[in-house]
Amino acid sequence: MSHIHIDVQNVSFGYEKGKEILKDISFHGGENDAIGLVGANGVGKSTLLKLLVGLNTEYTGSIRVEEIPVEKDMLPQIREKIGYVFQDSDSQLFMSTAYQDIAFAPRNYGFPEEEVERRVQHALEMTGITHLKDKQIFKMSGGEKKLVSIATILSMTPDIILMDEPSIALDPRNRRNLIHILNSFDHLKIIASHDLDMILETCNRTILMADGKIICDGPTKEILTDKILLEENGLELPMCMQHPVIR
Amino acid sequence: MSKIGNAIHEIHHMDLIAERDQWVNAIHPLIKFVITIVYIAVVVSFYKYDILGLAGMVLYPLAGFILADLSFKDSLKRLRIVLPLVCFIGIFNPFFDRIPVEILGIRMNAGVISMITLMMKGVFTVLASYLLIATTTIEKLCYAFRLLHVPKILVTQILLTYRYITVLLEEVNRVTQAYALRAPKQKGVHFKVWGSLTGQLLLRSMDRAGVVYESMLLRGYKGSFDYIGSKAKVRPQDIVYLLFWIAIFALCRKVPILVVVGNMVGGLFV
């Protein structure tokens, strides 16, 4: 088994007793996996991602990140290994400038300021936003905020990246840029999204969820081209596979 | 722009001017904080009738505004709510203190002098505080507090309160905008929906604040902020800046500097 991996076994979770959002979820993500997490609204994709970083720990079953169990006592170690990009960039970015926000994590992990600066610069270069270094967050467009959000986790040099709807609210150029960034990241990544075209371009494996369960787990090309399977679970074929209707 | 929109804009604007690449902005936050505290202490220490001595203290805000390239007009606009309140404090002095005095050849009630002195003290201290926050970011200020051993929890509270103000205001803005769009003929919010609106606002703000906090946790936040990052050291020029102002304040406290300068300038023409 490779060093970087996530192992989820028989995980169930609900915010209220008796109302399970996730039901008996099991999967394994290895070092070079790029996993697309797809499913209709409310099937539990975001909840599953939050469990993986320990934002909720009252689940049943077992979640292990690089052999470390996701439990309250182990959270600092786990969170050092995982970068999580929130759906809403406004909630992720809370400092005044891009630099301050990207430097937040390395500073918290106690790196000397020269190392913090090197990491921030590297994260800015990876996301192609060196020109935004000193820009105020509130002055940024939605696309710029999303790229800064990604840079904030890259500065932690995580082994694993989790993203919740990363392409939401991005214009085509920013979306294309995001796809390039995602493809340049070699380690394990799990992306929850409704943007099936993006999943098709960035993920080699797809997990299809419905009603809190994993319906199907396999190669992206097989799952996202199966029209019947997708429609049965509240989805449609990716746009690139549909015949365009021009009015 | 709505009032709330304006308030959000003002907060962002203050952040922006505090981060400018100005000489005064680059001075160590602890030095600026100490100077401000000393300035306020000296200003309030003037005797209530020592209007001429106090007038000399205008030098610091005056020089500060010029050095920091701050617009005095914009600043007065921003302080338009605080300044009248500060000025109001001494408004009854002329009625209680009726001892006649003569100053610069003008006869008046001592109460008028003490009222003007009190107003000047208020305005000077507000301007000095404004100068501090307009040239120092909240992170740097909090860093200065930590250097002064203000408890970590209190400093974190100050920093997060400042950060969360905009979160709350943005939510208020969204809710009131959505309301206004569907109630075009109403001024303000109808009292019948105050309850649900406030409830919604509270829940949304808590939710949003919760996500922000989660985001902090995921990036290694353990209850204490690294307020400035660079852990800037006090430079020799910072010390010179501090000593210079302390000397000026001491001088102003001892001699009515404006009168002395006035006599010197006047003497040239005699």
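A, B, ... follow the sequence lines: proteins, then strands. Residue 1 opens every chain.
- For D90(A), the parts sitting under 4.5 Å from any heavy atom of chain B are the backbone and the side chain alike.
- Between F94(A) and R163(B), the shortest heavy-atom distance links the atoms O-CD, 2.6 Å.
- Counted within 6.0 Å of NE2 on H194(A), heavy atoms from surrounding residues, nucleotides or ligands total more than 12; the atom is thus considered enclosed.
- Under a cut-off of 6.0 angstrom, the local environment of OH in Y213(B) is sparse, with at most 12 non-hydrogen atoms contributed by other residues, nucleotides or ligands.
- With sequence neighbours left out, the side chain to side chain donor-acceptor pair (under 3.5 Å) criterion links T166(B) to no other residue.
- Listed here is the closest heavy atom pair of R219(B) and Q92(A): NH2-O, 2.8 Å.
- In this structure, no portion of I8(B) lies under 4.5 Å from any heavy atom of chain A.
- Applying the 6.0 Å contact sphere to NE2 of H131(A) captures more than 12 heavy atoms from other residues, nucleotides or ligands.
- Per-residue counts of heavy-atom pairs under 4.5 Å with chain B were compared for D101(A), V116(A), T97(A); the largest is that of D101(A).
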Would you tabulate the side-chain donor-acceptor contacts of residues 132-142 of chain A under 3.5 Å, counting partners in other chains and residues two or more places apart, or write 'none'?
| from | atom 1 | to | atom 2 | distance (Å) |
| --- | --- | --- | --- | --- |
| K135(A) | NZ | E144(A) | OE1 | 3.2 |
| Q136(A) | NE2 | E19(B) | OE1 | 3.0 |
| S141(A) | OG | E144(A) | N | 3.3 |

Could you go through the side chain to side chain contact (heavy atoms under 4.5 Å, CB included) check for E139(B) and S96(A) one step at a time? CA-CA 9 Å; E139(B) 287 85 7; S96(A) 49; 4.1 Å; yes
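- Interface with chain B: from residues 147-155 of chain A, residues T152(A) qualify, criterion being any non-hydrogen pair under 4.5 Å.
- Contacts between residues 77-87 of chain A and chain B, defined by a heavy-atom separation under 4.5 Å, are made by R79(A), Y84(A), F86(A).
- Across every non-hydrogen atom of L218(B) and M156(A), the tightest pair is O-CE, 3.5 Å.
- Put simply, the side chain of M216(B) does not reach to within 4.5 Å of the side chain of N108(A), judged on heavy atoms.
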